[in-house]
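Hydrogens, waters and symmetry mates play no part in the numbers below; they use all other heavy atoms, side chains included. Convention: sequence-line order gives letters A, B, ...; per-chain numbering from 1.
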There are 2 protein chains.
Amino acid sequence: MKKEPNSIQVIERLARLLDAIAAQKEDASLKVLSAETGLHPSTAFRILASLAEEGFVERTSRGNYRLGMKLMQLGNRVGAGTDFRKIALPLMEKLRDQLDETVNLTVREGDEVVYVERSLAKRMIRVEQVIGSRAPLHVTAVGKLMLGEMGEEACRGYAKRSKLPQYTVNTRKTVAALLQDCTASAKRGYAYDDQEAEMGVGCIGALIRDASGQVIAGLSVSAPIERRRDEWTALVMQASEEISRQLGYHASFSTHHHKGNT
Amino acid sequence: MKKEPNSIQVIERLARLLDAIAAQKEDASLKVLSAETGLHPSTAFRILASLAEEGFVERTSRGNYRLGMKLMQLGNRVGAGTDFRKIALPLMEKLRDQLDETVNLTVREGDEVVYVERSLAKRMIRVEQVIGSRAPLHVTAVGKLMLGEMGEEACRGYAKRSKLPQYTVNTRKTVAALLQDCTASAKRGYAYDDQEAEMGVGCIGALIRDASGQVIAGLSVSAPIERRRDEWTALVMQASEEISRQLGYHASFSTHHHKGNT
DNA sequence: CAATCGTTTTCATAATATGAAAAAAGAACC
DNA sequence: GGTTCTTTTTTCATATTATGAAAACGATTG
């Protein structure tokens, strides 16, 4: 049992409880939650009661617990860039309608991308990513573009840190292979994910920039690999460019400018 | 300063902090947050650090605070009925596309409706409700349907409890007026909101039922009052019926059955 | 180079959250 | 319908935990 140095006990426990509730399919009973989190029943009870008072959890008629509306409320205000999600959504829906495949919007967070918005395909069989879920940079189209954008050195650094965990047989194995893919992708302005994160799933991604030219997000289509078409590339890029444009980005910033931080 | 009996101090404080962050337009500094919440800076700092560790908040490059991805993650799992939101969304989008006006999905929570999903009109001028926000039952189309559904007695009870706060000059003032509106609406199966919540905004709403015949949510279109058309009623009802159908509801349950609780 | 402002760490202290145990409230089982 | 389970809730003494004052640090500004 490790102990993070600075951390308020109750907060760490409350987080465990919320996760435990989220993990349950239906409502969760105190019994289950205290077992799941390893907390003493009366402790769990008290924390849950407090969470309920603040609206973080709710009690069902049976006295069970579920996540509360407050979380929805706060969750929808996440990302100072609430604005760019709003701007992107209609264009994501348009792209989704053109291709009839799921379109995702992701942002970078450390060495991962996080799914922040999506437009689901209206089909029975479709790719579906949970909002808030994560994936390492090197197994997604958008992530590889971001790596390419950062330049070779940063890319090597990432490879070293992450050890390039292998998600499928197609996941880039060597630094060389990754570098080559990322650089080429960044140069082209779009990237593929050929079943590198999950077998059977293929993506096409492009980057989104704000008025200062900074990359702030990535747009991608995800489809069962056998349905994916190369022709989509143009549409994905059009969509991402349109979003960037609406965010104030002017393409005039040179063809491709490798960043320089500090 | 009132003191709720059972409540863990840290949790109440953490809630205040999260609210304070959410209230800020951009990132918030420690200074601002501790001022806003009345917490001692070092206390606020420690709580925020813990929240950051769990991913509830994030720190910007400048060291400021913003809401974290974890909230998005949890927020998207709210409502055991995550499923019905998913089912409703495509049909909401379809309706939105037909009318080119904002479509909202709401659930009842106590004496209020909470906005849980939406499909925004793709127009410059549109009605826009924040997900997670609330409104009292008697000032919304869906809320009035829910009141009507519960029967006269429950409706009077609501009026007594809530005192029918007046949002605009059009808000139902008397119990009699409310009752008449709710009963008639429930009988018809749809309701209007004629600038009763906000001047200039008009809605048309209908209810959504699950397999057991229970009302689980409401669907509504919101538009600037001068754009709203009576003809939309049929489309709104079609959409809500289709959602109910997909949730397993069979209309065969009599024309209108006033519930019996207990 | 000071000086000011905001953030972070340290630390002794008291208040706070804790868990054991007892009490209530429901279920389940004759 | 009564009895015995289980599960939830309350109570309470205790020690652990979060607290806020103050000091250290760091950045920004004059």
Neighbour count >12 (heavy atoms, 6.0 Å) for atom CZ, B:Arg62
no
Donor-acceptor pair, distance only, cut-off 3.5 Å: does the side chain of A:Thr43 make one with the backbone of A:Leu39?
no
Heavy atoms under 4.0 Å, any strand shown: does B:Arg59 hit a base, just sugar-phosphate, or nothing?
sugar-phosphate
Check whether more than 12 heavy atoms from other residues, nucleotides or ligands sit under 6.0 Å from atom CD of B:Glu198, and answer yes or no.
no
Nearest to side-chain heavy atoms of B:Ser42, which nucleotide of C:dT18, D:dT8, D:dA21
D:dA21
Selected nucleotide, minimal atom distance to B:Ser29 side chain, candidates C:dT8, C:dT7, C:dT18
C:dT7
How many angstroms lie between atom CE of A:Met146 and atom CG of A:Leu137, to the nearest 0.5 angstrom?
7.5 Å
Interatomic distance, B:Ile243 atom CD1 to B:Leu207 atom CG [nearest 0.5 angstrom]
11.5 Å
Under 4.0 Å, heavy atom to any atom of DNA chain D: which of residues 9-19 of chain A qualify?
A:Gln9, A:Val10
Axis bend over the full length of the helix from C:dT8-D:dA23 to C:dC30-D:dG1, computed from five pairs that close each end, to 10 degrees:
50°
Classify the side chain of A:Arg46 versus the base of C:dG19 as yes if they form a donor-acceptor pair under 3.5 Å and no if they do not.
yes
Donor-acceptor pair, B:Ser34 side chain versus B:Lys31 backbone, under 3.5 Å?
yes
Under 3.5 Å, side chain of A:Arg108 to main-chain N/O of A:Ala217, donor-acceptor pair present?
no
Residues that B:Tyr158 engages under side chain to side chain donor-acceptor pair (under 3.5 Å), provided they are two or more places apart:
B:His138
